[in-house]
Each structure stands twice: as C-alpha cells, then as structure tokens.
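Quick note on labels: first sequence line is chain A, next is B, and so on, each numbered from 1.
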Protein chains: 4
Amino acid sequence: MSTKERREREKRQRREIIISATVELLKQEGIAGVSMDKIAEKAELSKGTLYLYFKNKEQLLSEIFWMRLNILIDKLQTIMESEGEFDELVKQVIQTVMDYFTENVDIFRFIYHSLPSSAYDFMKQIHQTVEDFKIRIQEMSNKFYRRFDEGQFYIKTEYLQTVLRGLIWGFLTEKFFGQSEIELDSDLIYRIFSRGVLK
Amino acid sequence: MSTKERREREKRQRREIIISATVELLKQEGIAGVSMDKIAEKAELSKGTLYLYFKNKEQLLSEIFWMRLNILIDKLQTIMESEGEFDELVKQVIQTVMDYFTENVDIFRFIYHSLPSSAYDFMKQIHQTVEDFKIRIQEMSNKFYRRFDEGQFYIKTEYLQTVLRGLIWGFLTEKFFGQSEIELDSDLIYRIFSRGVLK
Amino acid sequence: MSTKERREREKRQRREIIISATVELLKQEGIAGVSMDKIAEKAELSKGTLYLYFKNKEQLLSEIFWMRLNILIDKLQTIMESEGEFDELVKQVIQTVMDYFTENVDIFRFIYHSLPSSAYDFMKQIHQTVEDFKIRIQEMSNKFYRRFDEGQFYIKTEYLQTVLRGLIWGFLTEKFFGQSEIELDSDLIYRIFSRGVLK
Amino acid sequence: MSTKERREREKRQRREIIISATVELLKQEGIAGVSMDKIAEKAELSKGTLYLYFKNKEQLLSEIFWMRLNILIDKLQTIMESEGEFDELVKQVIQTVMDYFTENVDIFRFIYHSLPSSAYDFMKQIHQTVEDFKIRIQEMSNKFYRRFDEGQFYIKTEYLQTVLRGLIWGFLTEKFFGQSEIELDSDLIYRIFSRGVLK
DNA sequence: GATGAATGAGTTTTCATTCAT
DNA sequence: CATGAATGAAAACTCATTCAT
C-alpha cells in the first residue's frame with residue numbers, strides 16, 4: 001500500500017503547492033491581482049491541473065481564506081476561553097492579532113473591505129467566508145467580555161470590541177502603510193484601551 | 001473672445017458631468033465596479049470623449065479621488081487651524097470625519113486598501129493620490145497636536161492620531177459593515193479617546 | 001443627418017456580415033462546429049466586435065435560427081391560407097419545403113435534433129426557438145387540414161402532417177445523404193401521399 | 001495456458017464494461033454529453049485504462065455504434081431473408097425498426113445527422129460507421145423489394161425504402177419529440193405505405 | 001472637438017490525450 | 001497491465017484604449 005500512500009502524500013503536497021503559490025500571490029498582489037494563470041505559473045503547474053484540485057477559482061480562494069482565518073479564530077478562542085485576569089488576556093489578544101496580521105497583511109487588507117457589491121458577485125463564497133469569520137469573532141468577543149463585571153466598564157460591553165479592534169487596526173495601519181516608524185507594543189495599546197474603557 | 005469663453009465654460013461643464021457620473025458610480029458600486037463604458041453611459045457621452053478630458057481611466061479616477069479627499073482635508077484644516085480648546089476641536093474633527101465618510105463610503109472602503117502592488121499597477125497614480133492624502137493629514141495632525149502641552153498626554157504626540165484614527169475607523173466599520181446597531185456618537189468617542197490618551 | 005444615416009446603414013451591414021459568416025459556417029460545419037473565433041475570422045472582425053452586435057453566442061445563433069425559420073413559416077402560411085384545391089396546395093407545400101431545405105441543409109440537420117438534453121444546456125434559447133417553430137408549423141398544418149372534409153381521409157386528420165413530413169424527410173434525406181441519385185419530385189410525393197391517406 | 005485464457009477473458013470483460021458504461025451514457029445524455037471522464041467514472045476504471053482498450057474516444061464510440069447498429073441489421077436481415085408474404089414481412093420490418101429505436105433513442109437522434117464536416121472531424125470514423133450502416137440497409141432493402149413483382153408497385157423499386165423510412169421516421173419523431181400523443185401502430189403505417197406505393 | 005465602432009489581450013473553465021509510476 | 005495526475009489547446013466572454021469619420 002505504500003504506492004497509494006505516496007500518491008496521497010503527493011496529492012496533498014501538490015495541493016499545498018497550489019495553496020502556497022496562491023497565498024504568496026495574495027500577499028504580493030492582493031486578491032484583485034490573483035488570476036488562475038498567475039497561480040499556475042507560480043506553482044509551476046498547468047492551468048488545467050488547478051482544476052483537478054479545486055472546483056473553480058472561487059472555491060480555491062475561499063478555502064484558502066477559510067483556512068487562514070481559522071488559524072486566527074483558533075488562537076483567539078484558546079486565549080478567550082482560558083483562565084486569567086482581564087489585563088493579561090486582553091494583552092494576549094492584542095499581541096496575537098498583531099502577530100497574525102503582520103504575517104498575513106493581505107488578509108488585513110481584504111478583511112474589512114469584502115462587501116456585497118457587484119464587483120464581488122463572482123466571489124459570493126469568499127465574501128460569505130469573511131462574513132462568517134467576523135460573526136464568529138464577534139460572538140467570541142461578546143462572550144469573553146461578558147465574563148467580566150459589567151460595572152467596571154465605562155462603555156457598553158458590546159462596544160468594547162469595537163474600541164479594541166479600532167485601536168489595533170490603527171496601529172497596524174500606521175505600521176504597515178504609514179510614514180512614521182512605530183512599534184507594535186501590546187502593552188501600550190492595552191494601557192490606552194484600559195484607560196479609555198475602564199472606570 | 002466670447003466664443004472662446006463659452007468653449008472654455010462648456011469644457012469645464014463637460015468635465016464636471018464626467019466627474020459627477022463617476023462619483024455616483026463609485027458610491028453605488030465601489031471602485032471595482034466602475035468601467036469606462038458605465039461612466040460614458042451615465043454621463044451621456046461617448047466613450048471616446050472621456051479620453052479627451054482624461055488621459056486614461058487611472059487619471060480620471062485619481063483626479064476624482066484627489067478632489068474628494070481635498071474636501072476632507074480642507075474641512076480638517078479649517079478646524080485644526082482654528083482657535084479653541086482641545087476637547088472642542090477634537091470633537092469637531094471626529095464629527096467631521098464621521099460625517100464625511102458616511103457620505104463617501106466608497107472612499108472609506110478604498111482608502112486604506114490602496115497599496116503599491118502589481119495588482120494596482122494600473123492604479124499607481126491613485127495610490128499616490130491616497131498616499132499624498134495620508135501624508136497631508138499626518139502633517140496637519142502632527143502640527144495640531146503639537147499646539148497643546150505635550151505634558152498632558154499619556155503617549156507620544158505622534159501616536160495620538162493613530163489612536164484617534166483607529167477609534168473612528170472602528171466605529172465607522174461597525175456602523176457600516178457590522179452586525180450590531182451602533183450610533184456614531186462623537187462625544188462618546190472623544191471621551192474614550194481623551195481618557196485613553198490624556199493624563 | 002446623412003452621417004447618422006450612413007452609420008445606421010453600416011451598422012446594419014456589419015450585422016449582416018456577422019450573420020452571413022455565421023450562416024455560412026452553419027451550412028459548412030453544422031451548429032457544433034461554430035465558435036465565436038471562427039465567426040470572427042470568417043467575418044474578418046475581432047471577437048470583441050461580435051459582442052457589440054450580439055449579447056452572446058446563444059443570442060446570435062437563436063436570432064439567426066429564428067430569422068431563417070420564419071422565412072419558411074411565412075411561405076407555408078401564405079400557401080396554407082390561400083384558396084385552392086387540396087392537391088394543388090399540398091403540392092406547393094411539398095415543393096416549398098423541399099426548396100427551403102435544399103437551400104438550408106444545416107437547418108434540416110439541426111431541426112429535429114434540437115432536444116432538451118444536458119448537451120444543449122448552453123443553448124436553451126435555440127432549443128426554444130426550434131420548439132416554437134415546430135409548434136407553429138403544427139398549428140398551421142392542423143388548421144389547414146381541417147379546412148377539408150374529414151370524411152375523405154383514410155386516417156385521423158392529426159396524423160396527416162406526420163405522414164407528409166415523414167415522406168418529405170425521407171426523400172430529402174435520400175437526396176442529401178443517400179447513395180442513390182434521386183430527384184425531388186413534388187408530384188410523385190403528392191401522389192404517394194394522397195394515395196396513402198385519401199380514401 | 002489457463003493464465004493466458006483467463007487474461008483473455010478478463011480483457012474481454014473489461015471491454016464489455018467500458019462499452020456498457022458508454023452505451024448507458026449515450027442513452028442518458030446523447031452523444032454530445034459523453035466524455036471520457038464520465039465513461040471512466042461509470043465503468044469504475046481509470047481514464048488511462050480506456051486508452052488501453054480503445055485507441056481514442058472516436059474509436060470507442062464508432063465501435064459501439066457499429067455493434068449496436070449491427071443488432072438492427074441482423075434483425076432486419078433475418079426478416080428480409082425469410083419466407084413470407086409482402087405485407088407480413090413489411091409489417092415485421094416496421095415493428096422491428098420502431099421497437100429498436102424506441103430502445104435506442106440516442107441512435108435515432110444521431111443516425112441521420114452524422115455528416116462529413118469539419119465539426120465532425122473528430123468523428124470521421126463514426127460517420128463512416130453510420131454511412132456503412134446506411135449502405136448495408138439499402139442493399140438489403142433493394143434485394144428484398146426486388147423479390148417481389150415489380151409490376152405491382154406504383155413507384156420505382158429503389159424508392160420504396162425511401163418512402164417506408166420516411167413514414168417510420170415521421171411517426172417516431174412525432175412520438176418521441178412531438179406534442180401530440182400518438183401510438184406507434186405498425187398496421188396503420190403499413191396500410192398507409194401499401195396504399196401509397198402499391199397499385 | 002466629438003463620436004462610437006473596433007480592437008485584442010486577458011479572464012475562467014473544460015476535456016481528450018499522454019505518461020511516469 | 002492499470003493507474004490517475006498532468007497537460008494544453010480551445011472555448012466564451014470583458015473591457016481599457018484607439019482611431020477613422
């Protein structure tokens with residue numbers, strides 16, 4: 001059965017190659033710059049081969065997005081469901097998100113910009129994937145914040161994630177696309193956040 | 001010379017018509033949904049005519065972005081250069097930015113999305129436009145924040161705009177693309193901001 | 001307005017060129033052999049141009065089929081609604097149908113071949129066009145045969161067209177695709193038909 | 001030598017499996033709906049294996065057509081070479097043909113539409129197969145009709161099969177693809193035929 | 001100046017056939 | 001022998017840009 005096993009392995013590897021090539025392209029060029037031609041060229045495979053592994057472009061992309069987004073979901077879930085003080089856990093969340101998006105800038109770019117528009121008609125599935133991701137994160141966050149005494153917050157619990165998300169996004173944006181040299185300091189961000197929202 | 005003058009006027013009007021049509025399309029469909037065909041149709045002009053007034057699609061779009069971004073720049077400049085207390089001015093900034101992006105959601109979507117990449121090769125100019133905008137805002141903001149006693153801030157002056165931008169972005173994103181019903185309350189945002197960054 | 005008129009005329013001519021090229025291809029290669037590339041090449045136009053005149057391949061083909069089928073419908077209608085003895089009119093029908101299909105062999109080939117099958121999924125409109133044609137012919141024929149005294153027919157009135165269609169089809173098939181030299185003699189066919197179905 | 005024999009037998013069985021799968025597909029989807037992928041899947045064999053047993057798609061299909069057409073040839077030959085009165089034999093022919101095509105609608109659809117054209121370049125062999133079939137039928141028919149006294153026919157002997165083929169085709173077409181409910185009554189068809197062609 | 005028809009390179013997808021294992 | 005992964009040519013369709021009138 002070793003032949004079969006080898007085949008299986010090779011198949012998985014080939015999938016990986018396609019996925020890697022696509023991710024690389026996504027990181028370099030953003031979602032609008034990805035074509036099946038470019039993927040095939042980068043993966044050093046024929047265009048036809050891509051369709052052996054993925055039903056169509058949309059499925060390829062949405063699988064990749066889903067896969068990559070799940071990595072962040074898993075990490076955040078682990079933190080948010082673990083024991084610990086508010087400050088410690090929030091700092092971990094900040095650090096995790098920043099590390100993740102440092103590694104996956106293209107997702108950072110795409111993620112809050114995937115809107116149902118005629119331009120994305122041909123990517124309904126991808127849009128759905130991102131939408132599911134956001135809802136998932138929202139649910140996790142809501143549950144997380146509700147673990148703590150509501151009375152200590154200066155603003156409504158639901159707004160907490162809006163504020164933290166905004167702060168992290170601000171620093172990441174400054175870091176990646178801004179002019180000034182900035183360091184991503186989760187302690188600092190946590191301090192601003194906590195002073196802003198805690199009584 | 002009145003013929004010449006009329007010509008000039010008509011020329012300017014024609015430009016305006018093209019620009020209006022494009023802006024309308026941008027608001028409706030986002031940047032990816034804009035084609036020269038659609039612009040021509042909406043402007044009730046021929047496609048060829050567009051190329052008499054604008055060298056190519058990119059120049060048309062980048063001029064429009066620049067024009068529209070300048071509206072925000074002007075408003076912010078007026079506020080930031082006017083007399084007034086820190087809290088009053090910052091609240092005005094928050095309110096202005098939120099009003100502006102509520103009116104121009106397509107710009108909000110595009111603005112931090114425009115990156116130098118081969119995918120945007122055909123949009124280098126637009127990217128440059130947005131980049132210029134960001135620098136301009138940064139300069140204005142830096143100058144503005146330096147008007148106030150550095151000692152009162154809990155963080156480096158340069159970071160202030162990063163924090164405020166993030167907060168505003170967070171609330172706008174939640175409002176436009178989020179699940180939860182949220183109101184854009186500039187007072188609330190100011191309070192979070194000031195508690196977070198003021199000693 | 002002469003420029004505009006000329007434009008209109010040229011546009012109509014170009015449409016004609018596309019249609020002629022397509023019809024020629026259809027006659028040469030049958031419907032399965034027609035591709036947009038071949039049409040463009042034959043019409044000495046670019047592929048893109050075809051899409052200025054016809055929304056897509058299906059629309060182009062179904063318009064052509066409809067146009068050409070209507071020619072036969074009109075001819076038959078004229079005959080079937082005109083005054084005259086049974087024998088005279090039926091002979092005219094036979095002659096007309098044979099002349100028409102001699103000129104339009106590809107339609108003869110396609111016409112009873114257009115079936116709702118997965119292979120023709122991408123041609124639903126064409127199939128519909130042919131289906132409409134058949135129904136139209138059937139209605140006309142039924143009405144025509146009912147004009148005559150039912151008592152003189154040896155078989156049910158509804159079957160008359162089945163028999164005549166079969167006879168004509170048989171001779172046409174023999175002529176076009178058969179081995180033996182055969183002449184399309186409408187008198188002979190009428191005699192066989194009338195002997196077969198008249199008391 | 002029993003190994004060799006077993007091999008031979010297995011080989012023959014494998015061929016059978018491929019053929020059955022293809023025939024099933026042909027009946028379900030028509031010739032245009034048959035792909036090597038689908039055949040391989042239905043036969044539960046690999047695509048490569050198909051090419052061990054058949055040089056290419058065309059050869060596979062033409063062999064299948066030939067095989068299936070021979071079934072009809074054999075049946076007709078048996079009838080046409082048997083003793084019997086004209087009416088009895090012709091009725092048997094009619095019934096046989098109708099039964100056969102009721103069972104093999106895909107062949108009925110394809111058979112008189114396979115023409116030598118560039119569209120069928122990749123099917124030259126299939127076309128040849130069908131052509132051979134037609135010639136074979138023609139020869140048999142001619143021989144059959146010549147057994148009877150030429151004087152009793154109202155038309156040339158060679159035309160008899162043209163007429164009968166047309167009549168049968170007309171009724172089958174009406175039955176399979178027409179609007180009206182029709183029954184395939186070989187007696188009726190024979191009566192129309194005989195009245196039409198016999199003195 | 002204005003027009004709008006024409007272009008052609010680019011996009012996604014399918015499928016008969018080949019070939020290393 | 002059998003496999004099935006890989007190929008690549010071909011298909012339909014889009015859209016920024018050009019150019020004769």
Side-chain angles (χ1 to χ4, degrees), chain A residues 2-4 6-8 10-11 13-15 32 34-40 43-61 122, chain B residues 7 10-11 14 34-41 44-61 122, chain C residues 2-4 6-8 10-11 13-15 32 34-40 43-61 122, chain D residues 7 10-11 14 34-41 44-61 122:
Chain A
S2 102
T3 318
K4 198 176 172 184
R6 188 171 41 76
R7 280 245 174 96
E8 286 295 318
E10 280 174 0
K11 225 171 146 175
Q13 284 171 346
R14 197 86 62 179
R15 255 185 99 89
V34 170
S35 77
M36 294 305 262
D37 277 272
K38 285 188 197 163
I39 294 170
E44 293 180 324
L45 289 167
S46 77
K47 239 187 307 181
T49 303
L50 303 183
Y51 287 85
L52 294 178
Y53 291 89
F54 298 92
K55 209 178 106 233
N56 52 33
K57 185 185 180 182
E58 189 174 8
Q59 210 220 52
L60 167 57
L61 289 180
F122 87 106
Chain B
R7 281 234 182 102
E10 280 175 2
K11 226 171 142 174
R14 195 98 62 176
V34 170
S35 74
M36 294 304 262
D37 277 271
K38 285 187 194 161
I39 294 171
E41 195 189 11
E44 294 180 324
L45 288 167
S46 77
K47 236 198 301 187
T49 303
L50 303 182
Y51 285 85
L52 293 176
Y53 291 89
F54 299 92
K55 210 180 102 225
N56 52 32
K57 186 183 179 183
E58 188 178 10
Q59 210 219 54
L60 166 57
L61 289 180
F122 91 106
Chain C
S2 103
T3 318
K4 198 175 171 183
R6 189 172 41 75
R7 279 247 174 93
E8 285 296 318
E10 279 175 2
K11 225 172 146 173
Q13 285 172 348
R14 195 87 61 180
R15 257 185 98 88
V34 169
S35 76
M36 294 305 262
D37 276 270
K38 284 188 196 161
I39 294 171
E44 294 180 323
L45 289 167
S46 76
K47 232 189 311 182
T49 303
L50 304 183
Y51 287 87
L52 293 178
Y53 291 88
F54 298 92
K55 210 178 105 231
N56 52 34
K57 185 186 179 182
E58 189 172 10
Q59 209 221 51
L60 166 58
L61 290 180
F122 87 106
Chain D
R7 280 234 183 102
E10 280 175 0
K11 226 172 143 177
R14 196 97 63 176
V34 170
S35 74
M36 294 303 263
D37 277 272
K38 286 188 195 161
I39 295 171
E41 195 190 9
E44 294 181 323
L45 288 168
S46 76
K47 238 196 302 186
T49 303
L50 304 182
Y51 285 84
L52 293 177
Y53 290 90
F54 300 90
K55 210 180 103 226
N56 53 31
K57 186 184 179 182
E58 189 178 8
Q59 212 219 53
L60 166 57
L61 289 180
F122 90 106

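Look at CG on D:L50: it is 11 Å from C1' on F:dT3, rounded to the nearest Å.
Of the candidate nucleotides E:dT3, E:dA5, F:dA12, F:dA12 has the atom lying nearest to any side-chain atom of C:Y51. When distances run from any side-chain atom of A:K57 to the nucleotides F:dA5, E:dT11, F:dT17, the shortest one goes to E:dT11. Of the candidate nucleotides E:dG4, E:dA5, F:dA2, F:dA2 has the atom nearest to the side chain of D:Y53. Here the nucleotide nearest the side chain of D:L52, chosen from E:dT11, F:dC1, E:dG1, is F:dC1. When distances are taken from the side chain of A:S35 to each of F:dC1, E:dT12, F:dA6, the shortest belongs to E:dT12. Distance from the side chain of C:M36 is smallest for F:dA12 among the nucleotides E:dA6, F:dA12, E:dT13. Which of F:dA6, E:dA5, F:dA12 sits closest to the side chain of C:K47 comes down to F:dA12.
Backbone-only contact: D:K11 has heavy atoms under 4.0 Å from sugar-phosphate atoms and none from a base. As judged by a 4.0 angstrom heavy-atom cut-off over every strand, A:D37 is placed among the base-contacting residues.
Judged by Watson-Crick or G-U wobble contacts below 3.5 Å, the nucleotide E:dA20 has F:dT3 as its partner.
The CG atom of C:L45 lies 11.0 Å from the CD1 atom of C:I39; values are rounded to the nearest 0.5 Å.
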